[in-house]
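Every value quoted in this text rests on a predicted model; they were computed, and no experiment measured them. Hydrogens, waters and symmetry mates are skipped; everything else that's a heavy atom, side chains included, is used.
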Amino acid sequence: MKKSELQLMELKYLKSLANQYPDIASASTEIINLQAILNLPKGTEHYMTDIHGEYEQFNHVLKNGSGAVRRKIDEEFGNTLSNKDKKSLATLIYYPREKLDIVEREEENIEDWYKITLHRLVQITKRVASKYTRSKVRKAMPKEFSYIIEELITEKFDISDKEGYYNEIIHTIIRIGRAPEFIETLSNLIQRLVIDHLHIVGDIFDRGPGPHIIMDTLMHYHSVDIQWGNHDIVWMGAACGHLPCIATVLRIAARYGNLDTLEDGYGINLIPLATFALDKYQDVDCSAFAVRYNTDYNTKDLSLDMKIHKAITILQLKLEGQVIKRHPEFGMDDRLLLDKIDFDKKTVVINGREYPMKDTDFPTVDPADPYNLTVDEEQMMERLRHAFLKCEKLQRHVRFLYTNGGLYKIHNSNLLYHGCMPLDGEGEFKSVNIDGKKYRGRELYDVLDNYARKGYYSKNDPAGMRRAQDYIWYIWSGPNSPVFGKDKMATFESYFVEDKEVSKETKNSYYALLDKEEIADKILEEFGLDAEKSHIINGHVPVERKKGETPVKCGGKLLIIDGGFSKAYQGKTGIAGYTLISDSHGMRLVAHEPFESMEAAISRESDIFSDSTSVEIAPVRIRVADTDSGTDLKDRIIQLERLLRAYRDGTIVEK
């Protein structure tokens with residue numbers, strides 16, 4: 001591009017910028033403002049992963065900021081408040097409406113309680129707001145109370161009797177009956193300001209009962225990004241109408257006693273599936289299809305759910321077989337096992353070896369054509385497909401995942417992805433055949449991310465969209481998928497073969513090479529990051545703390561923060577999940593004990609016990625200038641300074 005063309009483009013941009021800053025005064029004010037923001041402390045980032053539908057624990061950890069709220073209370077009040085009062089104040093901040101209901105019933109002198117509590121909440125609000133600009137804090141406030149809050153948390157140097165001024169505001173709030181609403185507003189504002197940005201490093205869905213509740217919470221959160229996990233991907237595929245993904249979502253829901261999530265949470269009609277299962281599996285042995293239910297499960301549904309569980313599992317195996325046959329490049333022929341069954345001998349051949357089967361009572365499987373769907377199966381699956389496509393709430397949630405998510409994210413010198421970087425045994429990036437072309441490293445992530453989006457959005461290219469949806473399914477369970485990271489998903493073996501050895505899923509070499517710093521350096525450099533200043537943050541594989549495993553690898557360069565948020569894994573890990581906090585002082589890993597319930601947290605003020613460990617301490621406090629947003633602000637300042645020069649030399653005329 002010629003120099004004159006560049007100059008014309010720059011002039012066009014500056015004229016556009018002049019519409020926002022029409023004179024020297026406004027441009028100068030913004031430069032001063034942005035330069036000041038660069039010197040503020042960096043905002044706090046909160047990392048969570050592998051939530052798996054455990055909405056009560058998720059909501060509590062989100063509300064307490066992985067212990068950040070309690071730390072602010074300790075910093076502000078030190079020994080001037082008893083531990084009991086600190087616990088009460090923390091619980092009020094987490095659950096203001098619910099806690100107020102209890103206090104108002106039990107407190108004898110409610111006006112005194114209001115006065116003391118409001119003063120304490122104002123002090124905490126001042127502390128958590130201190131690292132932000134007044135403008136940012138103002139934007140976080142609800143309009144009806146913004147003026148009052150700003151008055152209370154902003155120093156008034158021109159008022160001689162400052163204490164009397166503040167006391168009168170609080171007294172008036174109580175006198176006119178607005179104290180409960182104001183307490184709730186301050187509590188929510190504290191929660192909002194404690195965490196500046198939230199990262200979800202995958203797996204919101206499956207196993208636990210409330211992924212839809214978690215998604216509703218995330219959609220209303222002030223600042224969030226999501227790195228798709230394999231369980232998120234399969235739900236995204238189901239929302240696209242992809243039948244193997246729909247069958248998989250239904251099978252996992254049936255297995256964990258969470259069909260209510262689909263019926264009540266999303267309003268998806270499962271009557272066609274229940275009717276089909278009752279008809280075809282009425283007198284069929286379903287003992288291999290036990291339901292792993294929790295205490296909320298209604299056992300009167302157990303017999304039906306086991307029939308549904310078996311019916312949808314067989315359908316999943318059939319539908320997956322069809323995809324594998326359509327895509328030889330997937331290299332998944334070893335997953336074609338329905339045609340390896342000898343129904344007379346009740347055995348199956350896997351990798352050339354014959355194994356006895358626990359169950360071969362498959363009324364809908366034709367041994368001569370095992371992957372073919374019966375007419376009834378086709379009709380039933382088409383009705384389910386229509387239900388998933390027309391489910392407004394699911395579509396809204398999945399659009400949010402696409403809009404705010406991806407397979408990876410680079411943010412503030414951190415590389416975030418859910419699973420792994422596929423490696424060969426030598427530690428080299430594995431070359432993977434995607435639609436006839438080889439991809440490796442970052443390119444593999446990028447091409448799969450692109451296919452995931454095409455599978456949802458390419459409605460003007462139906463054939464291309466169907467092909468892309470097959471790749472969404474591959475991302476869920478393919479042997480070289482970065483979010484799956486194993487050689488196979490042994491669904492068939494785990495249900496039908498007694499020998500546990502054949503069900504073992506071998507992890508990608510990435511997991512064996514995690515402690516080699518050169519591997520972490522290679523991955524970081526592949527994504528354009530400085531290996532000396534950056535980190536990899538991922539989840540997916542639970543860290544078994546009780547066996548002495550640590551989530552911190554390569555001297556802190558790589559952090560695996562899956563510690564068993566899902567109750568299904570807590571017996572294995574020994575804890576109830578890790579979260580990570582990154583603030584202006586460094587990085588802190590938080591290990592959580594199991595969460596009892598929201599009711600216990602409110603009535604008994606039983607917070608989650610969390611063990612916090614410093615991963616990295618910044619030698620000097622990290623400023624906004626050191627972050628990605630700081631880089632953007634610096635670029636903005638450069639453009640504004642160019643606009644100033646253009647005003648001053650007459651190139652652009654002030655308005």
### Charged N-O contact under 4.0 Å between Arg396 and Glu392
yes
### Query
How about His197 and His411: are their ring centres within less than 6.0 Å of each other?
yes
#### Entry: Check: Asn538 and Leu559 side chains under 4.5 Å, non-hydrogen atoms
no
### Non-hydrogen side-chain atoms of Asn167 and His119 separated by less than 4.5 Å
yes
### Task
For the residue pair Ser629 and Thr627, confirm or rule out a side-chain donor-acceptor distance under 3.5 Å.
yes
#### Entry: CA sep, side-chain torsions, deciding dist, call: Ile617, Met587, side chain to side chain contact (heavy atoms under 4.5 Å, CB included)
CA-CA 7 Å; Ile617 299 172; Met587 278 184 155; over 6 Å; no
## Note on the structure
d(Met48 CE, Leu62 CG) to nearest 0.5 Å is 6.0 Å
### Query
Got Leu407 and Tyr417 here, is their nearest side-chain heavy-atom distance under 4.5 Å?
no
### Query
Are a donor atom and an acceptor atom from the side chains of Arg621 and Ser584 found within less than 3.5 Å of each other?
yes
### Query
In Å, rounded to the nearest 0.5 Å, how long is the span from OG1 of Thr261 to CZ of Arg207?
13.5 Å
#### Entry: Check against salt bridge (charged side-chain N to carboxylate O under 4.0 Å, His left out), Lys136 and Asp196
CA-CA 11 Å; Lys136 184 165 185 173; Asp196 190 46; 2.7 Å; yes
### Message
I'd like to know whether NZ of Lys393 has more than 12 heavy-atom contacts from other residues, nucleotides or ligands below 6.0 angstrom.
### Response
yes
### Criterion side-chain hydrogen bond (donor to acceptor under 3.5 Å, both in side chains) on Asp23 and Ser26, from CA distance to verdict
CA-CA 6 Å; Asp23 50 36; Ser26 59; 2.8 Å; yes
### Message
Within the structure provided, determine whether Phe388 and Leu262 are in side-chain contact (heavy-atom separation under 4.5 Å).
### Response
yes
### Task
Verify, without hydrogens or angle tests, whether Asp112 (side chain) and Asn109 (backbone) share a donor-acceptor contact under 3.5 angstrom.
no
### Query
How are the rings of Tyr445 and Phe527 set relative to one another: parallel (under 30°), tilted (30 to 60°) or perpendicular (over 60°)?
perpendicular
### Query
Checking Thr651 side chain against Tyr647 main chain: does a donor-acceptor pair fall under 3.5 Å?
no
### Task
Verify the ring-centre separation between His46 and His199: is it less than 6.0 angstrom?
no
#### Entry: From CA spacing to verdict: side-chain hydrogen bond (donor to acceptor under 3.5 Å, both in side chains), Tyr408, Asp449
CA-CA 9 Å; Tyr408 70 92; Asp449 188 292; over 6 Å; no
### Query
What's the spacing between Glu111 CD and Ile116 CD1 if we round to 0.5 Å?
12.0 Å
### Task
Give a yes/no verdict on a cation-pi contact between Lys459 and Tyr456, requiring under 6.0 Å between NZ or CZ and the six-membered ring centre and an angle within 45° of the axis.
yes
### Query
Just wondering, do Leu198 and Leu218 contact through their side chains at under 4.5 Å, heavy atoms?
yes
### Message
Let me confirm one number: the CD1-CZ distance from Ile190 to Arg127, rounded to the nearest 0.5 Å.
### Response
12.0 Å
### Message
Less than 6.0 angstrom separating the ring centers of Tyr94 and His60, yes or no?
### Response
yes
### Query
With respect to Arg623, which candidate in Leu40, Leu38, Asn39 satisfies the side-chain contact (heavy atoms from CB on, under 4.5 Å) definition?
Asn39
#### Entry: Test log, rule side-chain hydrogen bond (donor to acceptor under 3.5 Å, both in side chains), inputs Tyr47 and Glu45
CA-CA 7 Å; Tyr47 299 80; Glu45 297 172 66; 3.1 Å; yes
### Message
Could you check whether Lys655 and Asn19, counting side-chain N and O atoms only, form a donor-acceptor pair closer than 3.5 Å?
### Response
yes
### Task
State whether the side chain of Thr80 and the backbone N or O of Phe77 hold a donor-acceptor pair below 3.5 Å, judged by distance alone.
yes
#### Entry: Sub-4.5 Å side-chain heavy-atom contact between Asn450 and Asp446
no
### Query
Hey, does Arg642 have a side-chain heavy atom less than 4.5 Å from the side chain of Glu10?
yes
### Aromatic contact, Tyr402 with Trp228 (centres under 6.0 Å)
yes
### Criterion salt bridge (charged side-chain N to carboxylate O under 4.0 Å, His left out) on Asp101 and Arg97, from CA distance to verdict
CA-CA 6 Å; Asp101 287 343; Arg97 186 174 299 172; over 6 Å; no
### Message
Looking at every non-hydrogen atom in both residues, tell me the closest pair between Leu529 and Ser413 and how far apart they are.
### Response
CD2-CA, 3.9 Å
### Message
Whether the side chain of Asn404 engages the backbone of Phe400 through a donor-acceptor N/O pair (distance < 3.5 Å, no angle test) should be reported.
### Response
yes
### Query
For the residue pair Trp235 and Phe205, does the interplanar ring angle fall in the parallel (under 30°), tilted (30 to 60°) or perpendicular (over 60°) class?
parallel
### Message
Check for me whether the distance between the ring centres of Tyr266 and His397 falls short of 6.0 Å.
### Response
yes
### Query
Between His540 and Gly202, is there a donor-acceptor pair closer than 3.5 Å when you use the side chain of the first and the backbone of the second?
no
### Steps toward side chain to side chain contact (heavy atoms under 4.5 Å, CB included) verdict (Lys86, Arg70)
CA-CA 8 Å; Lys86 288 178 183 177; Arg70 179 56 193 263; 3.7 Å; yes
### Query
Where the side chain of Gln191 meets the backbone of Ile93, is there a donor-acceptor pair that is under 3.5 Å apart?
yes
#### Entry: NZ/NE/NH1/NH2 to OD/OE distance under 4.0 Å, Lys131 and Asp583
no
### Message
Could you check whether any side-chain N or O of Glu654 sits under 3.5 Å from a backbone N or O of Pro22, counting only pairs where one atom can act as donor and the other as acceptor?
### Response
no
### Task
Show your working on salt bridge (charged side-chain N to carboxylate O under 4.0 Å, His left out) between Glu641 and Arg636 and close with a plain yes or no.
CA-CA 9 Å; Glu641 287 177 345; Arg636 185 77 167 173; over 6 Å; no
#### Entry: Straight-line distance of Asp203 CG to Asp50 CG, nearest 0.5 Å
5.0 Å
### Task
Measure the spacing between OG1 of Thr403 and CG of Asp225 and express it to the nearest 0.5 Å.
13.0 Å
#### Entry: Verdict with supporting geometry, Glu76 and Arg71, side chain to side chain contact (heavy atoms under 4.5 Å, CB included)
CA-CA 9 Å; Glu76 180 64 30; Arg71 279 193 297 276; over 6 Å; no
### Query
Just wondering, are more than 12 heavy atoms of other shown residues or ligands nearer than 6.0 Å to CG in Asn83?
yes
### Message
Side chains of His535 and Asn414: any donor to acceptor distance under 3.5 Å?
### Response
yes
#### Entry: Atom OH of Tyr221 with >12 non-hydrogen neighbours under 6.0 angstrom
yes
### Task
Look at atom CD1 of Ile176 and say whether more than 12 heavy atoms of other residues, nucleotides or ligands are closer to it than 6.0 Å.
yes
### Task
Could you pull out the closest heavy-atom pair between Ile268 and Ala387, with the gap in Å?
CG2-CB, 4.0 Å
### Query
Is there a side-chain contact between Glu151 and Ile169 (heavy atoms, below 4.5 Å)?
yes
### Query
Going through the checks in order, is the side chain to side chain contact (heavy atoms under 4.5 Å, CB included) test met by Thr117 and Arg120?
CA-CA 5 Å; Thr117 300; Arg120 289 172 179 172; 5.7 Å; no
